[in-house]
Amino acid sequence: MTGKVDVLLGLQWGDEGKGKVVDVLTPKYDVVARFQGGPNAGHTLEFNGEKYVLRSIPSGIFQGGKVNIIGNGVVLAPDLFMDEAKDLEKSGHDLRSRLHISKKAHLIMPTHRVLDAAIEASKGANKVGTTGKGIGPTYSDKIARTGLRVGDILDNFAEKYAAHKARHEEQLRAMNYTDYDITEVEKKWLEGIEYLKQFQIVDSEHEVNKALKAGKSILCEGAQGTMLDVDFGSYPFVTSSNTICAGACTGLGLGPNKIGEVFGIMKAYCTRVGAGPFPTELFDETGKKMRDIGHEYGAVTGRERRCGWIDLVALRYSIMVNGVTQLIMMKSDVLDTFPTIKACVAYKVNGVETPDFPYDIENGIEPVYKEIKGWQTDMTKMTCEEDFPQEFKDYISFLEAELETPIKIVSIGPDREQTIVRK
C-alpha cells in the first residue's frame with residue numbers, strides 16, 4: 001500500500017512553534033523531511049529540562065529510529081550545520097545513521113553572506129530586514145542557475161568553489177562593497193564541507209518516493225510561515241522560498257497526489273520578526289505584555305518579535321492557499337491573564353470593509369476587531385480538553401467558525417507534555 005505525506009506548515013509570519021509540534025507528531029511517522037528554507041529559521045524544542053534550537057536539521061531527530069531528510073528545497077550552510085550537528089551529537093543523538101542530506105540542496109557560501117549584507121545596505125531606508133545569513137543570494141544563484149549544490153562536494157569541489165567565489169567577488173566589486181574579510185569564516189566553512197561528507201548524501205526524491213511505495217509515512221516540515229512565502233506573502237518583506245504546501249512537492253520531489261493531511265500551525269495571537277507590514281500589531285502595553293509572557297524573541301537572532309492580536313483575514317488566506325485540513329493552536333496560555341481578547345475579522349481597505357486578503361497590506365489597512373471575553377485562568381497544568389474554562393472553549397469555537405477548519409491540537413506551554421489533542 002502506498003503511503004501518504006502529511007505536511008506541517010506555519011500559517012502566520014513564522015515562529016508559530018512548528019518545532020515542538022513536529023516533535024510531538026513524529027512518533028506516528030517513519031520519516032521527517034524538511035523541504036525549504038535555511039539556517040535563518042530556528043525551531044525551539046524543550047523537553048526533559050533541556051532546550052534545543054534547530055536551524056537546518058529536521059525536528060524529528062529527537063525521536064529514535066526515525067529517518068530525517070534535508071530536502072533539495074533547503075539551502076545549507078556547512079559551517080552552521082556542523083555547529084548544530086555537533087551540539088546534538090554531544091547531547092547523545094546519533095545523527096550519522098539517521099540524517100540524510102539531498103544532493104540537490106544548495107550550499108550557502110561565505111560570499112553569499114557578504115552579498116546579503118551588501119544588497120541590504122544598498123536598499124537604504126527600504127531594508128527587508130534579513131537575518132544576514134546569505135539565504136536570499138543563495139536562492140538567487142539557484143534561480144540564475146549558477147549555484148553550488150551539496151552533490152558538488154563529491155567531485156572536483158575546490159575548482160568549482162574557486163570559480164563561484166570569484167564570480168561573487170566580482171559582483172561585490174561592482175557594488176563598491178569591498179570592506180570585508182572572510183578568511184576565518186571560509187576556513188570554518190571548508191571544515192564544514194569535510195564534515196558534511198561524513199553524512200549520507202542521497203538522491204532524496206528517490207528516497208522519499210521509495211519510502212511511500214513501501215507504505216511508510218512521511219511528515220514534511222517547512223520553515224518560516226505562509227505570510228513569508230515569496231509568492232503569496234507580504235512581498236517584498238518575505239523569505240526567498242515557497243513556504244506553502246506546494247513547496248513540499250517541489251522541495252522534496254513529491255507529486256501533489258501524494259499529499260495527505262495538511263496541518264496548519266498558528267498562535268492564539270500573532271507575531272512578526274523584522275521589517276514589513278503587520279496590520280494587527282500592538283504598540284502599547286498589551287503588545288509588550290504578550291511579548292514578555294510569550295518570551296517572543298527570535299530563536300536564531302534573539303530579535304524582539306512584534307506582537308498583535310490574531311489576524312483571521314490573513315489566516316483564512318493561508319488556509320486557502322495551503323489546503324489546510326486541520327489547525328494546531330500554539331501558545332494559548334500566553335493569553336491566560338487578558339480580560340478581553342480581540343480578533344481581526346476583516347480589513348477596512350481605504351475605508352471599504354473586506355474579508356479578503358488584499359494585494360498590498362502596507363497602506364490604507366485598518367483591522368476590524370471582534371472582542372471576546374478572556375478566560376483569566378492558568379491553563380498550563382491542564383491535561384485534557386475537559387479542563388478548559390468555558391471562555392477558552394468559546395474562543396476555540398469562534399475561531400473554528402470563522403476559519404471553517406477544525407482546531408485539533410492546542411498547546412498550553414513549551415513542554416512536550418503541555419499539548420492537548422482534542423476529540
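Keep in mind it's a predicted model, so treat the numbers as computed, not measured.
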Is Glu281 salt-bridged to Arg306, cutoff N-O under 4.0 Å? yes

Give a yes-or-no answer on whether the side chains of Asp141 and His112 include a donor-acceptor pair shorter than 3.5 Å. yes

Rounded to the nearest 0.5 Å, how far apart are CG of Asp311 and OH of Tyr347? 3.5 Å

Run the numbers on Asn242 and Val230 for side-chain contact (heavy atoms from CB on, under 4.5 Å), then give the verdict. CA-CA 6 Å; Asn242 285 116; Val230 69; 3.9 Å; yes

Closest non-hydrogen contact found for Pro358 with Ile365 is CG-CD1, 3.8 Å

Looking at Arg305 and Glu296, does any basic side-chain N land under 4.0 Å from a carboxylate oxygen? yes

Go through Glu89 and Arg96 one step at a time and tell me if the salt bridge (charged side-chain N to carboxylate O under 4.0 Å, His left out) criterion holds. CA-CA 9 Å; Glu89 285 178 328; Arg96 310 294 166 98; 2.8 Å; yes

Give a yes or no on this: more than 12 heavy atoms of other residues, nucleotides or ligands lie within 6.0 Å of atom OH of Tyr235. no

Glu261 and Thr325 side chains, donor-acceptor separation under 3.5 Å: yes

Inspect the contact between Lys90 and Asp87 and indicate whether a charged nitrogen and a carboxylate oxygen are less than 4.0 angstrom apart. yes

Kindly say whether Asp415 contributes a backbone atom to a donor-acceptor pair with the side chain of Lys20 at under 3.5 angstrom? yes

Can a donor-acceptor pair be found between the side chains of Asn322 and Thr226 at a distance below 3.5 Å? yes

Could you tell me whether Lys373 and Asp394 have a side-chain N and a carboxylate O separated by less than 4.0 Å? no

Salt bridge Lys381-Asp333, side-chain N to carboxylate O under 4.0 Å: no

If you measure from the Lys or Arg side-chain nitrogens to the Asp or Glu carboxylate oxygens, is any gap between Lys288 and Asp292 under 4.0 Å? yes

Hey, is the main chain of Lys348 close enough, under 3.5 Å, to the side chain of Glu353 for a donor-acceptor pair? no

Given side chain to side chain donor-acceptor pair (under 3.5 Å), test Arg272 with Ser234 step by step and report yes or no. CA-CA 11 Å; Arg272 176 162 199 167; Ser234 51; 3.0 Å; yes

Please determine whether the number of non-hydrogen atoms from other residues, nucleotides or ligands lying under 6.0 Å from atom NZ of Lys408 exceeds 12. no

Got more than 12 heavy atoms from elsewhere within 6.0 Å of NZ, Lys197? yes

Charged N to carboxylate O under 4.0 angstrom, Lys188 versus Asp83? yes

Checking the side chain of Lys331 only, and the main-chain atoms of Gly294 only, is there a donor and an acceptor separated by less than 3.5 Å? yes

Validation row, ring centre Phe199 to ring centre Phe81 under 6.0 Å: yes

Can you label the angle between the Tyr395 ring and the Phe392 ring as parallel, tilted or perpendicular, going by 30° and 60°? tilted

So, is the end of the Lys86 side chain (NZ or CZ) under 6.0 Å from the ring centre of Tyr195 and within 45° of the ring's axis? yes

Check Thr271 against Trp13 and note the closest heavy-atom contact, atom names and distance. O-CB, 3.6 Å

Minimal non-hydrogen separation, Gly71 against Leu252, with atom names: CA-CD2, 3.7 Å

Taking atom types as modelled, is there a side-chain donor on Ser318 or Gln12 under 3.5 Å from an acceptor on the other? no

For residues Val410 and Ser332, report the shortest heavy-atom separation together with the two atoms involved. CG1-OG, 3.4 Å

Any Lys/Arg nitrogen of Glu402 or Arg316 sitting under 4.0 Å from an Asp/Glu carboxylate oxygen of the other? yes

Is the closest side-chain heavy-atom distance between Trp309 and Lys370 below 4.5 Å? no

Thr280 versus Tyr369: any side-chain heavy-atom pair under 4.5 Å? yes

Is the cationic atom of Lys289 (NZ for Lys, CZ for Arg) positioned less than 6.0 Å from the six-membered ring centroid of Phe338 and within 45 degrees of its normal? yes

Atom of Val185, atom of Pro110 and distance for their closest heavy-atom approach: CG1-CB, 4.0 Å

Could you tell me the separation between the CD1 atom of Ile361 and the CE atom of Met227, rounded to the nearest 0.5 Å? 5.5 Å

Using the salt bridge (charged side-chain N to carboxylate O under 4.0 Å, His left out) rule, take Arg422 and Glu386 through it: C-alpha gap first, then chi angles, then the decisive distance, then the call. CA-CA 9 Å; Arg422 298 181 68 221; Glu386 288 70 33; over 6 Å; no

Heavy-atom pair with the smallest gap, counting every atom of Leu254 and Leu212: CD2-CD1, 3.7 Å

Looking only at side-chain N and O atoms, does Gln376 offer a donor or acceptor that is under 3.5 Å from a partner on Glu391? no

